[in-house]
Every structure is written in C-alpha cells, then in structure tokens.
J.: 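Got a structure here, written out as structure tokens. Questions coming.
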Amino acid sequence: MNFQQIRNATITLEYGGQKFLVDPMLSKKGEFDPFLPAERDDRNPLVELPMSVDELLEGVDAVIITHTHEDHFDQAAKDQLPKDIKMFMQDEEDAKLAKELGFTNIEVMEEEVAIDFNGVEITEVDGRHGYGETAELMGNVMGVVFQHPEEETVYLAGDTVWYEKVEEIIDTYTPEIILLNGGENHFTGGRPVGNLIMGKEDIYEVYKAAPEATIVVSHLEAVNHWGLSREELKNFINEKGIQSNVLVPDDGESYTFE
C-alpha cells in the first residue's frame, strides 16, 4: 500500500493492486478565487502541484470524489481528467454534475454498502462538514473505507469534523490507517461559522479512539481559509507524545505501509 500526499485533499492511494486518485484539485497556483470571508484573501490554490498533471494521472484506475466543492473537484480537474475514467461519487446530485461535464463512467456509492472494484472493497461512510447550521450549508460529504484481504484497512475520513459517527466508523471497521483532512479550515464572521474540517483537538480525539492506528493528516496550507499549519500541528502532536502515530506529510511526500 502506498499513500502520496499531492496537495490539499488531493492524494493517491495504491491499494490492492489499484491506484485511486482522491479529490483532484489540479489548478495551477492562483487560478481560482479565494474562499471568503477568511483571514487571507490570496487566490487559490496557494501552492503549485508537486508534479505535472500527466505524472499525477499516470496509472490511475479510479477517481473518488468525496464531494464537489472547488478545492476537491476544480475546473482544471473537470477539464483534464479523461472523460471515460472510472469515477466514484457520493450521490446522484454529484453524479448529475459529472455527467453534464461529459464523464461517462460514474458509479454512485451508497452509505455502508460495499462495492467490489477489481478486488478492492470500498464502502461509503458518513461525514459532517462542520457543525449545526454550518454543516447544513456546506452540504453532503462522504468518507470511504478501503478493505482488501492482503492490505490493512484504510479509513479516508474526507471533509468532516470529529463527531459520534467518526467514532462509530472507527469502532465498526477498526482501520489500521486513518487519513484525515485536518487544516481547521473556517471562515471569519458571517455565515457559515466554526471549523469546517478537523483541527488539532479533533485529530487528538481520533487518536484516542484508535491509539494503535497510523493517522495521516492532509488538507493543509493549500487554500486560503486554512487555520492550522503543519508546524503548529507537529508541535501539538509532539507535546501530546503521539508523533509516532500521527504523520504530517509535505506535498509530494509518500508513505509505504506493509
């Protein structure tokens, strides 16, 4: 199994002989507008891809879109992904958007229903993109659990905060690898309010729920409304003494799990 951090929530996961590309944001630096209101108003993405799009797409067997916000499925991805590539999406609404863009090989996932993709079992699980009214405004999101008889179980949480369902998923699937979006992204003033994804305390709750798992934190420092830096997160996990459990990759960095 090989995980590679690309940028923001964009990752690749080579698992069970298949290569998955998750939440492709393929734009060049500064190619689309900032998410506002936020503490910084730089155009997005804030950083370049660590590789060419051609290199990124090489060998990809399927794309997983956890939801269609621009920092997970941007215009560059809509333009540059092959229209016949296998694509997994969370619901009919997202699939309709992709079909209108010309994508022809879309499979809609269903919560807690496993799909066999060339021997890899993938299961949609729930997520909550913020709290209360914020979560309602941000819309539906999903996570995905990956299972294979010769691989460790992977839980890709997606854009979610810590809440009871995340703990339930961990208890149900007992994942050895947990992939979190942990940039503490949020807006300033107005609506929506509160964190949209996990911050450091949420990450610590995940650790306490799965102290034997390896946690990899993604979605850091790549779009303008981020609130948690890699440096701050690393300092926090060092203070907690969990640095051997929680990994904070740089863009382009990869890990192999055996």
Side-chain angles (χ1 to χ4, degrees), residues 8-10 22-23 25 32-41 44 64-74 89-97 108-113 123-145 155-173 175 178-210 215-229 232-233 236-237 240 246:
N8 203 52
T10 308
V22 179
D23 286 348
M25 180 177 70
F32 60 88
D33 290 338
F35 301 117
L36 297 172
E39 292 162 359
R40 57 189 72 79
D41 60 2
N44 290 312
I64 295 174
I65 309 290
T66 64
H67 63 298
T68 57
H69 289 168
E70 193 165 13
D71 60 329
H72 293 253
F73 187 42
D74 64 355
M89 308 192 85
Q90 67 170 336
D91 55 31
E92 292 291 349
E93 183 178 352
D94 285 4
K96 181 175 182 289
L97 169 66
V108 176
M109 303 184 75
E110 184 178 346
E111 189 175 341
E112 304 294 350
V113 176
T123 305
E124 176 184 343
V125 291
D126 199 17
R128 182 181 289 171
H129 203 345
Y131 295 99
E133 183 184 9
T134 294
E136 293 180 16
L137 289 168
M138 298 305 290
N140 292 336
V141 295
M142 73 170 178
V144 178
V145 174
Y155 168 32
L156 169 81
D159 268 12
T160 188
V161 292
W162 169 259
Y163 72 118
E164 64 276 2
K165 187 66 176 182
V166 173
E167 187 169 20
E168 180 183 316
I169 292 163
I170 290 170
D171 289 343
T172 299
Y173 294 96
I178 302 176
L179 310 178
L180 300 180
N181 291 348
E184 202 174 283
N185 295 51
H186 62 277
F187 296 107
T188 55
R191 296 163 57 198
V193 296
N195 290 341
L196 307 175
I197 62 175
M198 292 193 184
K200 56 191 179 185
E201 295 294 346
D202 301 77
I203 294 164
Y204 189 50
E205 291 297 327
V206 174
Y207 162 75
K208 289 190 291 184
I215 298 168
V216 183
V217 185
S218 188
H219 207 309
L220 295 164
E221 302 180 327
V223 284
N224 72 289
H225 61 319
W226 66 264
L228 177 63
S229 69
E232 183 181 355
L233 178 55
F236 176 80
I237 63 178
K240 294 294 185 182
V246 183

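Please read all numbers here as calculations on a predicted model, not as lab measurements.
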J.: Would the distance check show the side chain of Gln90 and the main-chain N or O of Asn140 forming a donor-acceptor pair, the cut-off being under 3.5 Å?
T.: yes
J.: Considering residues at least two apart in sequence or located in another chain, which fulfil the side chain to side chain donor-acceptor pair (under 3.5 Å) criterion with Asn195?
T.: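 Here no residue qualifies.
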J.: Just so I know, are the side chains of Tyr155 and Val166 near enough to count as touching, which here means a heavy-atom distance under 4.5 Å?
T.: yes
J.: Please determine which of Asn181, Asn8, Asp23 meets the side-chain hydrogen bond (donor to acceptor under 3.5 Å, both in side chains) test together with His219.
T.: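 Answer after filtering Asn181, Asn8, Asp23: Asn8.
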J.: Heavy atoms, side chains only, cut-off 4.5 Å: are Thr68 and His72 in contact?
T.: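 A side-chain contact is absent here, since even the closest heavy-atom pair is not under 4.5 Å.
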J.: Does the ring of Tyr204 carry Lys240 above it, NZ/CZ under 6.0 angstrom from centre and within 45° of its axis?
T.: yes
J.: Can you name the residues that form a side chain to side chain contact (heavy atoms under 4.5 Å, CB included) with Val108, not counting sequence neighbours?
T.: Glu92, Ala95
J.: Quick check against the 3.5 Å criterion: does Arg40 have a side-chain atom that pairs as donor or acceptor with the backbone of Asn224?
T.: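 Looks like yes, one N/O pair under 3.5 Å.
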J.: Where do Ala210 and Ile178 come nearest, in terms of heavy atoms and distance?
T.: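 Reported closest heavy-atom pair: CB-CD1, 3.7 Å.
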J.: Could you pull out all residues at least two apart from Lys165 that satisfy side chain to side chain contact (heavy atoms under 4.5 Å, CB included)?
T.: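 Checked Lys165 against side chain to side chain contact (heavy atoms under 4.5 Å, CB included); matches are Glu111, Glu112, Asp126, Tyr163, Glu168, Ile169.
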J.: Are His225 and Glu39 packed together at the side-chain level, in the sense that at least one heavy-atom pair is separated by less than 4.5 angstrom?
T.: no
J.: Would a distance-only check, ignoring hydrogens and angles, find a side-chain to backbone donor-acceptor pair under 3.5 Å from Thr10 to Met25?
T.: yes
J.: Name all residues meeting the salt bridge (charged side-chain N to carboxylate O under 4.0 Å, His left out) criterion together with Glu70; count only those two or more places apart in sequence or in a different chain, and write none if there are none.
T.: none
J.: Who are the ring pair (Phe, Tyr, Trp, His ring centres under 6.0 Å) partners of His186, not counting sequence neighbours?
T.: none
J.: I'd like to check the side chain to side chain contact (heavy atoms under 4.5 Å, CB included) partners of Glu205; sequence neighbours left out, ordered by chain and number.
T.: Trp162, Lys208
J.: Are the side chains of Glu124 and Val113 in contact, using a 4.5 Å heavy-atom criterion?
T.: no
J.: What are the two closest non-hydrogen atoms of Val141 and Arg128, and how far apart are they?
T.: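 Heavy-atom minimum between the residues: CG2-N, 4.0 Å.
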J.: Taking only residues two or more places apart in sequence or in another chain, which ones pass side chain to side chain donor-acceptor pair (under 3.5 Å) with Ser218?
T.: Gln5
J.: Using the test salt bridge (charged side-chain N to carboxylate O under 4.0 Å, His left out), find all partners of Lys96 that sit at least two apart in sequence or belong to another chain.
T.: Glu100
J.: Does Glu136 have any side chain to side chain contact (heavy atoms under 4.5 Å, CB included) partners at least two apart in sequence or in another chain, and if so, which?
T.: none
J.: Can you find a heavy atom in the side chain of Val144 that is under 4.5 Å from one in the side chain of Thr123?
T.: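 They are not in side-chain contact.
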J.: Once you round to the nearest 0.5 Å, how far does CG of Leu228 lie from CD of Glu201?
T.: 10.5 Å
J.: Using the salt bridge (charged side-chain N to carboxylate O under 4.0 Å, His left out) criterion, which residues pair with Glu93? Sequence neighbours excluded.
T.: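 Partners of Glu93 under the salt bridge (charged side-chain N to carboxylate O under 4.0 Å, His left out) test: none.
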J.: Among all residues two or more places apart in sequence or in another chain, which pass the side chain to side chain donor-acceptor pair (under 3.5 Å) test with Glu184?
T.: none
J.: Using side chain to side chain donor-acceptor pair (under 3.5 Å) as the criterion, list what pairs up with Asp74, not counting sequence neighbours.
T.: Ser27
